[in-house]
Amino acid sequence: MKFARFIANGERYTGIVTDGRIREIQGDMFGKWEYTEKTFSGHEVKLLAPLEPNQIIGIGANYVSQKQEIPDVLPEIPVFFFKPASSVIGPEEEIIIPKGIDHVKFESELAVVIGKEAKHIPESDVLNYVFGYTVGNDVTAPQFFHQDGHWTLGKAFDTFTPLGPVIETELNPFKVSVKARLNGVEKQNSPTELMVISICKMISYLSNIMTLKPGDVILTGSPVGAEFVKPGDLIECEIAEIGTLHNPFVAAQESVQAGQ
């Protein structure tokens with residue numbers, strides 16, 4: 001199933017996308033829900049980020065360019081970082097490049113949405129705790145990385161975590177490719193088998209440190225090929241089985257003028 005959040009006629013809804021139409025649901029996306037009688041066509045709605053995450057956890061430097069480069073000995077402590085929920089935006093929304101930021105990068109990623117409370121889970125059980133998957137863009141301002149290796153501030157600006165367009169619950173995450181096109185030119189295209197730390201390993205590891213809860217989002221790393229962008233650029237992050245996440249980059253002052 002493809003779950004979506006959207007606005008129609010000024011109201012916010014949650015629904016299931018099927019054949020270009022969205023059927024409203026009510027209840028808990030991660031628990032009990034039921035269909036209502038409302039159905040919308042795709043052109044009637046504005047898609048939002050498909051969920052409002054509790055927390056967002058990313059992993060850094062998690063792709064190689066070819067399988068032979070995956071190290072025999074994995075890092076004892078993987079490089080994880082947090083992103084604030086305030087950084088989340090949805091499809092077609094503007095990614096704002098803040099004033100004073102010289103360089104901003106896109107990073108297309110497979111995002112895992114946790115569906116059940118998870119604590120101390122073995123790798124073999126991880127997928128039982130996953131609700132579904134969406135596309136994420138881990139936008140990054142490297143000049144705000146701390147010299148000692150702390151990454152959080154450089155990834156925490158408002159609008160720096162686009163998610164969408166939907167949450168796909170029926171997906172084999174080990175058999176998909178993560179892609180990105182900048183202004184129509186492909187920059188990233190890697191299968192998830194090129195991850196250094198696998199999805200199951202990273203989520204099991206995290207569950208042994210913290211309790212993961214429904215609505216938590218795990219960004220699983222970005223393939224080789226991420227580049228710096230400028231205002232006016234359009235980024236398209238794509239996982240074919242989920243969809244394409246489009247977002248334009250704008251300078252901060254442009255966003256303010258647009259709202260006047």
Side-chain angles (χ1 to χ4, degrees), residues 5-7 46-53 55-63 79-111 134-165 178-190 217-239 242-260:
R5 294 174 59 247
F6 59 97
I7 294 175
K46 171 181 169 52
L47 290 177
L48 304 171
L51 79 162
E52 296 178 299
Q55 60 181 348
I56 307 157
I57 306 166
I59 186 170
N62 199 39
Y63 271 80
V79 179
F80 287 107
F81 54 88
F82 285 93
K83 300 196 77 172
S86 57
S87 68
V88 172
I89 58 173
E92 310 298 341
E93 291 189 66
E94 295 177 341
I95 302 170
I96 300 172
I97 301 174
K99 292 181 180 178
I101 299 295
D102 298 324
H103 300 291
V104 168
K105 284 199 309 182
F106 65 85
E107 295 186 13
S108 185
E109 309 203 7
L110 173 66
T134 191
V135 182
N137 186 355
D138 177 21
V139 182
T140 301
Q143 74 189 73
F144 270 74
F145 285 3
H146 193 280
Q147 62 183 1
D148 291 331
H150 304 161
W151 292 4
T152 294
L153 289 182
K155 294 173 175 286
F157 289 92
D158 289 353
T159 75
F160 270 28
T161 313
L163 296 174
V178 179
K179 303 176 184 179
R181 291 182 298 275
L182 180 62
N183 300 323
V185 179
E186 184 172 276
K187 299 296 183 178
Q188 294 181 298
N189 187 346
S190 293
V217 170
I218 314 297
L219 298 174
T220 59
S222 188
V224 174
E227 292 187 0
F228 291 115
V229 298
K230 63 185 184 303
D233 285 343
L234 174 68
I235 187 66
E236 300 170 90
C237 300
E238 177 184 323
I239 297 172
I242 301 172
T244 303
L245 176 62
H246 304 80
N247 296 96
F249 285 90
V250 301
Q253 62 268 25
E254 292 177 3
S255 178
V256 171
Q257 291 169 357
Q260 291 178 346

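Heavy-atom basis, side chains included; hydrogens, waters and symmetry copies ignored. For clarity, every value in this text was computed on a predicted model and none was experimentally measured.
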Would the distance check show the side chain of T140 and the main-chain N or O of K105 forming a donor-acceptor pair, the cut-off being under 3.5 Å?
no

Is there a side-chain contact between I242 and L110, using heavy atoms and a 4.5 Å cut-off?
yes

Looking only at heavy atoms, what is the nearest atom pair of A85 and I56, with distance?
CA-CD1, 4.1 Å

Tell me the closest heavy-atom pair linking G164 and P91, and the distance in Å.
CA-CG, 4.4 Å

Side-chain heavy atoms of N137 within contact of I95, under 4.5 Å:
yes

With sequence neighbours left out, what residues match E93 under salt bridge (Lys or Arg N to Asp or Glu O under 4.0 Å)?
none

Salt bridge (charged side-chain N to carboxylate O under 4.0 Å, His left out) assessment of R181 paired with E238:
CA-CA 8 Å; R181 291 182 298 275; E238 177 184 323; 2.8 Å; yes

Can you sort out the partners of S86 under side chain to side chain contact (heavy atoms under 4.5 Å, CB included), two or more places apart, ordered by chain and number?
P84, D158

Residues that D138 engages under side chain to side chain donor-acceptor pair (under 3.5 Å), provided they are two or more places apart:
K83, K155

In F249, F228, F157, the residue satisfying side-chain contact (heavy atoms from CB on, under 4.5 Å) with V104 is F249

Any residue meeting ring pair (Phe, Tyr, Trp, His ring centres under 6.0 Å) with F82, in chain and number order, not counting sequence neighbours:
none

Which residues pass the salt bridge (Lys or Arg N to Asp or Glu O under 4.0 Å) test with K99, not counting sequence neighbours?
none

Looking at every non-hydrogen atom in both residues, tell me the closest pair between V88 and A49 and how far apart they are.
CG1-CB, 3.7 Å

Is there a donor-acceptor pair closer than 3.5 Å between any side-chain N or O of N247 and the backbone N or O of E94?
no

Taking every non-hydrogen atom, the tightest pair across A156 and S87
O-CB, 4.1 Å

Starting at CD of Q143, measure out to CD1 of I101 and round the result to the nearest 0.5 Å.
4.0 Å

Locate the shortest heavy-atom distance separating P165 from P50; write the atom from each residue and the value.
O-CB, 4.3 Å

Please enumerate all residues that pass ring pair (Phe, Tyr, Trp, His ring centres under 6.0 Å) together with F106, with sequence neighbours excluded.
none

Residues forming a side chain to side chain donor-acceptor pair (under 3.5 Å) with E52, sequence neighbours excluded:
none

Donor-acceptor pair, distance only, cut-off 3.5 Å: does the side chain of T244 make one with the backbone of E236?
no

Side-chain donor or acceptor of E109 paired with backbone N/O of I59 under 3.5 Å:
no

With heavy-atom distances below 4.5 Å as the criterion, would you say the side chains of P53 and L163 are in contact?
yes

Search all heavy atoms of L219 against all heavy atoms of T161 and return the closest pair with its distance.
CD1-CG2, 4.5 Å

Partners passing side chain to side chain contact (heavy atoms under 4.5 Å, CB included) against P223 (at least two apart in sequence or in another chain):
Y63, V178, Q188, S190

Could you list the residues that satisfy salt bridge (Lys or Arg N to Asp or Glu O under 4.0 Å) with K187, not counting sequence neighbours?
E227

Rounded to the nearest 0.5 Å, what's the gap from CG on N183 to CD1 on I235? Could you check?
8.0 Å

